[in-house]
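Start at 1 with the first residue, then count along the sequence.
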Amino acid sequence: MAAPEITLDGAQTEIADGVSGLDLFPGSKDVVALRVNGELRDLDTKLTPGDVVESVTITSEDGLQILRHSTAHVLAQAVQQVNPDAKLGIGPPIKDGFYYDFDVADPFTPEDLKKLEKAMSRIVKEGQRFVRREISDDDARGEEANEPYKLELIGLKSTAADAGEGASVEVCDGGLTMYDNVRRNGEVAWTDLCRGPHLPSTKYIGNGFALTRSAAAYWRGSEKNPMLQRVYGTAWPTKDDLKAYQERIAEAERRDHRRLGSELDLFSFPDEIGSGLAVFHPKGAMIRMEMEDYSRRQHVASGYSFVNTPHITKGQLFETSGHLDWYRDGMYPAMHMDEERDAEGNITKQGQDYYLKPMNCPMHNLIFRSRGRSYRELPLRLFEFGTVYRNEKSGVVHGLTRARGFTQDDAHIYCTREQMREELTTLLTFVLDLLKDYGLDDFYLELSTKNPEKFVGDDDTWEEATRVLEEVATASGLDLVPDPGGAAFYGPKISVQAKDAIGRTWQMSTIQLDFNLPERFGLEYTASDGSRQRPVMIHRALFGSIERFFGVLLEHYAGAFPVWLAPVQVVCIPVAADHVPYLNEVAAKLRERGVRVEVDASDDRMQKKIRNHTKEKVPYLLIAGSEDQEKGAVSFRMRDGSQDNGIAVDEAVERIVSAIANKQQV
């Protein structure tokens, strides 16, 4: 009789009875779990003949999630060792780390986190095994009798998807499981309700973890629930991986656009105006103007027509578009206006609700509908820098990258079904080329498909729109990643994901294909055969918003914008006061060529001036003393500290003008 076999990592492999992943990978610290017949399982899972098994390494995405979830358990165990009265909330893995929520009498301090890290290290060194066991609901309630939040999750298990962020790692629709942390002598050190899987033992965690911060968090994310204390951490396969991550975080903090915005005097968020509402200072406004002006020129060259629409509108418009049905929570409350009353207080004219607009598309539809349209006008590309307002919760507002008021570079393209595919292809190329001009060139695409709980229109229309977008995205040659359920209510979308200078990914441009809003607004054009046809509508935001794109570029360049975007492109620095008139003449030549230039005639010493303007990240400093003046030259100093001396003024001017014209990158 032939020995039983499984398929292991694509190869047929003989197995003995009762074999587990631990037997297949003895002594390996690299393989931490298995995917058995498509499901993630613990490494000690017993395998049966015919199973299709894939090894899960600790460096894979699944492996990292398991590592971080296991480390979250060790954190919770350490907290209850130090504070036996602490009650457990939820502890899921998240991007680059994990968290765990606790109900404790006092908030955690930085000193507490250091103590907890030491307690975690002791648990890790013990090599406690993570042991899974199934348990009935009643037995789970008995074991968790002193854990009120776990008891609540047990009651919610059939609705785990709605139980709050992270709840799915604890319970799901089905049976319950517990994970025991078991010492080498067989003693159970600690237990937690969890779905798993986990690492074979705490030893696999190693020393690549750290606790990063603590914060308050509502239980299950609702302000109606108790406030808990959340401890965040990170975990990586090795200490070197942890150190590299910490260096990336430190670099990200140095590049934080909110910090740089203040240091470089670019923008601010005055309390008197309100959260998430920025004001741009002169230097910031200059950068923004350059961004917008270049975009305008490119849009004109590509056949777009500019429009402008108001900031508020009657509510009826958003009833027609569907925003009041599907997006009301993201809109500011209505302003009731135009109501009239007589002397006795009786209403003589009914008022109407007006709303700040969260989107520009309904108004663009009205422009399309304002007169009859012919197929000869299509594709019609309408473009607007339109300011919109969204009622974001205060907890998610984040500088320029998540604001409450912002300006979208918003285009809506109306075309025939026959033109749709070519228009989408051309549009994607236009978007990617323009992003490259601003210094971003590492992209992949994401395809957001229908949310079955939140959409308008019929399934056939959605399927057609999704298929066309997928084909266009695939043809671009870029990687395409699925985003199930991530579409807006009116149509699927492609989003361009761009990596910045330190490897972080940002969602940039979005392209949405929409057959539904033209239907809701009754948009029509006259076809070549005289019939009335419905146009296809393409929504496109290239930057997303000017504010957000500004913040992304500020962090990408760490404030050192390329010369074409820099608010001050050149500063002329005299060696002594006698050289100021000469540098004023140099500056005049630069201004004639459209260069933004200043002459520093302050009383500061030359070296201090150089330090100040280098700190302000000015691209070019032109320095001149008596010898330079006699030769009609300058010393040409770059932002990195390198310097070319004795450069003729005309040559210096041409260098600068050329760098601006060619959008030379840093």
Side-chain angles (χ1 to χ4, degrees), residues 291-310 317 321 357 359-388 407-438 445 464-465 468-469 471-473 475-476 488 490-496 508-528 532-546 549:
M291 290 168 57
E292 293 180 0
D293 284 354
Y294 182 65
S295 177
R296 283 189 180 94
R297 292 193 297 272
Q298 295 303 102
H299 279 84
V300 169
S302 296
Y304 285 78
S305 299
F306 279 76
V307 297
N308 283 287
T309 60
L317 182 63
S321 69
K357 64 176 178 179
M359 310 283 184
N360 300 299
C361 43
M363 295 185 178
H364 289 192
N365 285 340
L366 297 183
I367 294 173
F368 183 94
R369 204 177 66 184
S370 64
R371 64 172 177 81
R373 300 287 177 181
S374 165
Y375 73 95
R376 292 187 178 88
E377 297 178 72
L378 305 184
L380 177 63
R381 306 180 184 102
L382 301 182
F383 178 85
E384 176 180 17
F385 281 114
T387 301
V388 298
T407 303
Q408 291 185 309
D409 59 329
D410 216 359
H412 294 95
I413 301 166
Y414 304 87
C415 63
T416 69
R417 256 179 160 82
E418 293 74 25
Q419 295 168 333
M420 173 175 65
R421 189 181 304 273
E422 182 180 352
E423 191 66 20
L424 286 167
T425 300
T426 303
L427 177 55
L428 184 56
T429 300
F430 174 77
V431 163
L432 295 175
D433 286 348
L434 199 53
L435 288 175
K436 290 173 184 175
D437 288 341
Y438 290 93
L445 303 178
E464 180 186 358
V468 171
L469 278 180
E471 290 171 357
V472 169
S476 73
Y490 46 79
K493 72 177 178 182
I494 296 171
S495 58
V496 177
M508 291 284 98
S509 311
T510 57
I511 300 172
Q512 294 171 288
L513 189 54
D514 183 2
F515 297 148
N516 291 302
L517 284 188
E519 184 76 29
R520 295 174 74 93
F521 278 86
L523 304 186
E524 292 182 337
Y525 67 91
T526 302
S528 58
R532 305 294 295 169
Q533 300 292 331
R534 196 78 73 202
V536 175
M537 183 177 181
I538 301 171
H539 304 246
R540 191 236 64 196
L542 196 152
F543 297 147
S545 79
I546 295 293
F549 194 63

If you round to the nearest 0.5 Å, how far is [atom2] of [Y] from [atom1] of [X]?
{"X": "M420", "Y": "I538", "atom1": "CE", "atom2": "CD1", "value": "8.0 Å"}
{"X": "L366", "Y": "T309", "atom1": "CG", "atom2": "OG1", "value": "9.5 Å"}
{"X": "L523", "Y": "R532", "atom1": "CG", "atom2": "CZ", "value": "10.5 Å"}
{"X": "I413", "Y": "Y304", "atom1": "CD1", "atom2": "OH", "value": "3.5 Å"}
{"X": "E464", "Y": "L469", "atom1": "CD", "atom2": "CG", "value": "10.5 Å"}
{"X": "R421", "Y": "L513", "atom1": "CZ", "atom2": "CG", "value": "10.0 Å"}

Heavy atoms only: give me the nearest [X]-[Y] pair and the separation to one decimal.
{"X": "H364", "Y": "L382", "answer": "O-CD1, 3.9 Å"}
{"X": "Y414", "Y": "N365", "answer": "OH-OD1, 2.8 Å"}
{"X": "I367", "Y": "R373", "answer": "O-NH2, 2.9 Å"}
{"X": "R296", "Y": "F385", "answer": "NH2-CD1, 3.4 Å"}
{"X": "S476", "Y": "L428", "answer": "CB-CD2, 3.7 Å"}
{"X": "L517", "Y": "C361", "answer": "CD1-SG, 4.2 Å"}

Subject >> Crowding at CZ, R376 (>12 non-hydrogen neighbours, <6.0 Å) >> reply: no
**OP:** Decide if atom CD of E471 counts as having more than 12 heavy atoms of other residues, nucleotides or ligands within a radius under 6.0 Å.
**Re:** yes
Please tell me if the side chains of [X] and [Y] come closer than 4.5 Å, counting only heavy atoms from C-beta onward.
{"X": "L424", "Y": "I494", "answer": "no"}
{"X": "M537", "Y": "F368", "answer": "no"}
{"X": "F430", "Y": "H299", "answer": "yes"}
{"X": "Y375", "Y": "Q419", "answer": "no"}
{"X": "F383", "Y": "N360", "answer": "no"}
{"X": "E377", "Y": "Y525", "answer": "no"}
{"X": "V536", "Y": "T416", "answer": "no"}
{"X": "R417", "Y": "F515", "answer": "yes"}

Determine yes or no for a side-chain-to-main-chain donor-acceptor pair under 3.5 angstrom, with [X] supplying the side chain and [Y] the backbone.
{"X": "E423", "Y": "C415", "value": "no"}
{"X": "S295", "Y": "M291", "value": "no"}
{"X": "R540", "Y": "D409", "value": "yes"}

**OP:** Please name the residue in the list K493, Q512, H412 that meets the side-chain hydrogen bond (donor to acceptor under 3.5 Å, both in side chains) test with H539.
**Re:** H412
**OP:** Show your reasoning for whether side chain to side chain donor-acceptor pair (under 3.5 Å) applies to T510 and S495.
**Re:** CA-CA 4 Å; T510 57; S495 58; over 6 Å; no
Original post:
For L542 and V496, what are the C-alpha separation, side-chain angles and deciding distance, and is it a side chain to side chain contact (heavy atoms under 4.5 Å, CB included)?
Top reply: CA-CA 9 Å; L542 196 152; V496 177; over 6 Å; no
Original post:
Which class fits the ring pair F549 and F543: parallel under 30°, tilted 30 to 60°, perpendicular over 60°?
Top reply: parallel
